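Notes for the one structure printed next.
These figures come from a predicted structure and were not determined experimentally. Quick note on labels: first sequence line is chain A, next is B, and so on, each numbered from 1.
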Number of protein chains: 2
Amino acid sequence: MKDPEQRFQELMQKLRSREYRLTPQRVALIRLLASSEGHPDAAELYRRLLEQFPTTSLATVYKTLNLLKEMGEVLEIEIDGIGGEGSRFDGNDPTPHPHLICVRCHRILDGQVSLTEEILQAVQGQSGYRVISHRLDFYGICPECQAQGAN
Amino acid sequence: MKDPEQRFQELMQKLRSREYRLTPQRVALIRLLASSEGHPDAAELYRRLLEQFPTTSLATVYKTLNLLKEMGEVLEIEIDGIGGEGSRFDGNDPTPHPHLICVRCHRILDGQVSLTEEILQAVQGQSGYRVISHRLDFYGICPECQAQGAN
DNA sequence: GTTCGTGCAAATCCTTTGCAGCGAC
DNA sequence: GTCGCTGCAAAGGATTTGCACGAAC
């Protein structure tokens, strides 16, 4: 995980250079995304933002999120098999990297492995696809949940 | 890809042994899912089902889909970064396997590679998670779309 | 005859959009 | 002063749910 403050500066710089307006709400949201503590979803970001800006709306959160996604600075993590949950986001490290998703408590941890070059080559060779990015997620039970319940 | 007829029999057998009712609509849907030609979404399955049962409803498609998902006999493939599309489904092979998703035409191809045992071990070791399943999807441009447009 | 599945409509949930007013620049 | 951003409310789209009728067993 990158240093949040450094990542924050990085994001600010990118927005400035593209001449986007740095409204206080936007800056606060970017600060949250720079650390992306716990891989928050839109509602969680909204909740944290409300503490500073009681009139902020969810729509604003989504708009900024979409802006950053288009810039490739935020990664969207969709959890499947787990109904009723929205996407989670990672603005700390937008490079494709694996996630470990606990099917019990929905905790998300960053994985440290990466796909080997052989695998990428094999996939491209077999299919003829030109691979642009990928997504690798593991579903399982986190240590805490293992400790709690048997099974 | 498994032989669709064989997979169909397999699915029928599993439903029978759990004493689910084999209504004509359900049987027809299972036949579609056994091949899962083109990794259809719910709307596509519904469309194909309508040809045989003009009064079928989307709700019924979803209900059967959920039943089979819970039984672990259908894999749900969620495409992200591509808005306005629902999940796609694979009832031919419910074992986790990679997919190649074309970001242009949304074609989905089954990948032939699988994660190495080392990667799985590494992930479990680093995180302490007990990994149950995983998901590996590649995003790129399929050969047809590469041929069409430059870039 | 029972119980489960179907099909309709309405409801849900996340996310997006339209628009008027405000604020960054 | 301009134009983009905000925030509200309403719309949108995929999926789910409630319920009464009909069909599988």
Side-chain angles (χ1 to χ4, degrees), chain A residues 11-30 32-33 39-71 74 76-89 106, chain B residues 11-12 15-30 32-33 39-71 74 76-89 106:
Chain A
L11 285 171
M12 289 294 281
Q13 183 48 45
K14 297 204 178 188
L15 287 178
R16 248 192 301 267
S17 72
R18 298 203 188 191
E19 299 185 319
Y20 289 116
R21 295 195 184 162
L22 299 173
T23 64
Q25 296 94 321
R26 191 168 272 181
V27 172
L29 180 51
I30 287 165
L32 291 175
L33 285 168
H39 299 84
D41 61 11
E44 173 66 17
L45 291 165
Y46 173 54
R47 226 172 290 127
R48 294 191 202 167
L49 216 47
L50 271 185
E51 296 168 9
Q52 296 175 62
F53 302 92
T55 64
T56 306
S57 72
L58 241 189
T60 297
V61 172
Y62 277 111
K63 282 168 187 166
T64 298
L65 238 17
N66 281 335
L67 174 64
L68 291 167
K69 276 197 295 176
E70 278 160 29
M71 291 171 62
V74 158
E76 184 171 3
I77 309 163
E78 294 185 69
I79 312 184
D80 46 41
I82 299 178
E85 292 238 332
S87 293
R88 315 268 291 257
F89 299 91
H106 305 177
Chain B
L11 285 171
M12 289 295 279
L15 287 178
R16 249 192 299 268
S17 72
R18 298 203 188 193
E19 299 186 319
Y20 288 117
R21 295 195 184 163
L22 298 174
T23 65
Q25 295 94 322
R26 191 168 271 182
V27 171
L29 181 52
I30 287 165
L32 291 175
L33 284 169
H39 299 83
D41 61 11
E44 173 66 17
L45 291 165
Y46 173 53
R47 225 172 292 126
R48 294 191 202 166
L49 216 46
L50 271 185
E51 296 168 10
Q52 295 176 63
F53 303 92
T55 64
T56 306
S57 72
L58 241 189
T60 297
V61 173
Y62 277 110
K63 283 168 187 166
T64 298
L65 238 18
N66 282 334
L67 174 65
L68 291 167
K69 275 197 295 176
E70 278 160 29
M71 292 171 61
V74 158
E76 184 171 3
I77 309 163
E78 294 185 69
I79 312 184
D80 45 41
I82 297 178
E85 293 240 331
S87 293
R88 314 269 290 255
F89 300 90
H106 304 177

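Straight-line distance from the CZ atom of A:Phe53 to the P atom of C:dA24: 10 Å, rounded to whole Å. Atom pair B:Glu76:CD and D:dA14:C1' shows a separation of 11 Å (rounding to whole Å applied). In this structure, A:Leu45 atom CG and C:dC14 atom P are separated by 14 Å, rounded to whole Å. For B:Arg18 and D:dA24, the CZ to P distance is 22 Å, given to the nearest whole Å. With rounding to whole Å, B:Ile77 atom CD1 is found 13 Å from D:dT15 atom P. Distance CZ (B:Arg21) to P (C:dT6): 10 Å, rounded to an integer number of Å. Nucleotide D:dA14 holds its C1' atom 12 Å from the NZ atom of B:Lys69, rounded to whole Å. Between the OH atom of A:Tyr62 and the P atom of C:dC13 there is a distance of 13 Å, given to the nearest Å.
Closest heavy-atom contact between A:Met71 and A:Arg18: CG-NH1, 3.6 Å. Here the closest heavy-atom approach between residue A:Leu49 and residue A:Ala28 is recorded as CD1-CB, 3.6 Å. The two residues B:Tyr46 and B:Leu58 make their nearest non-hydrogen contact at CE1-N, 3.5 Å.
Side chain to side chain, A:Glu76 and A:Ser87 meet the donor-acceptor criterion of an N or O pair below 3.5 Å.
Residue contacts shown for A:Asp41 are absent, as no nucleic acid heavy atom lies under 4.0 Å away. Residue contacts for B:Gln25: at a heavy-atom cut-off of 4.0 Å it reaches the sugar-phosphate backbone alone, with no base atom in range.
Side-chain atoms of B:Lys63 come within donor-acceptor range of the base of C:dG7, with a qualifying N/O pair under 3.5 Å.
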Step by step, work out the side chain to side chain donor-acceptor pair (under 3.5 Å) result for A:Asn66 and A:Lys69. CA-CA 5 Å; A:Asn66 281 335; A:Lys69 276 197 295 176; 3.3 Å; yes
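Taking the nucleotide of DNA chain C with the nearest heavy atom to each of B:Pro54 and A:Thr23, the more 5' of the two is matched to B:Pro54. Mapping B:Leu22 and B:Ala43 onto DNA chain D by nearest heavy atom places B:Ala43 closer to the 5' end of the strand.
Contact between the side-chain N/O atoms of A:Ser57 and the OP1/OP2 oxygens of D:dT6 is not found at any separation under 4.0 Å.
For B:Thr55, counting side-chain heavy atoms from C-beta on, the closest listed nucleotide (C:dT15, C:dG7, C:dT6) is C:dG7. Residue B:Thr56 places its side chain closer to C:dG7 than to any other of C:dG7, C:dT17, C:dG5.
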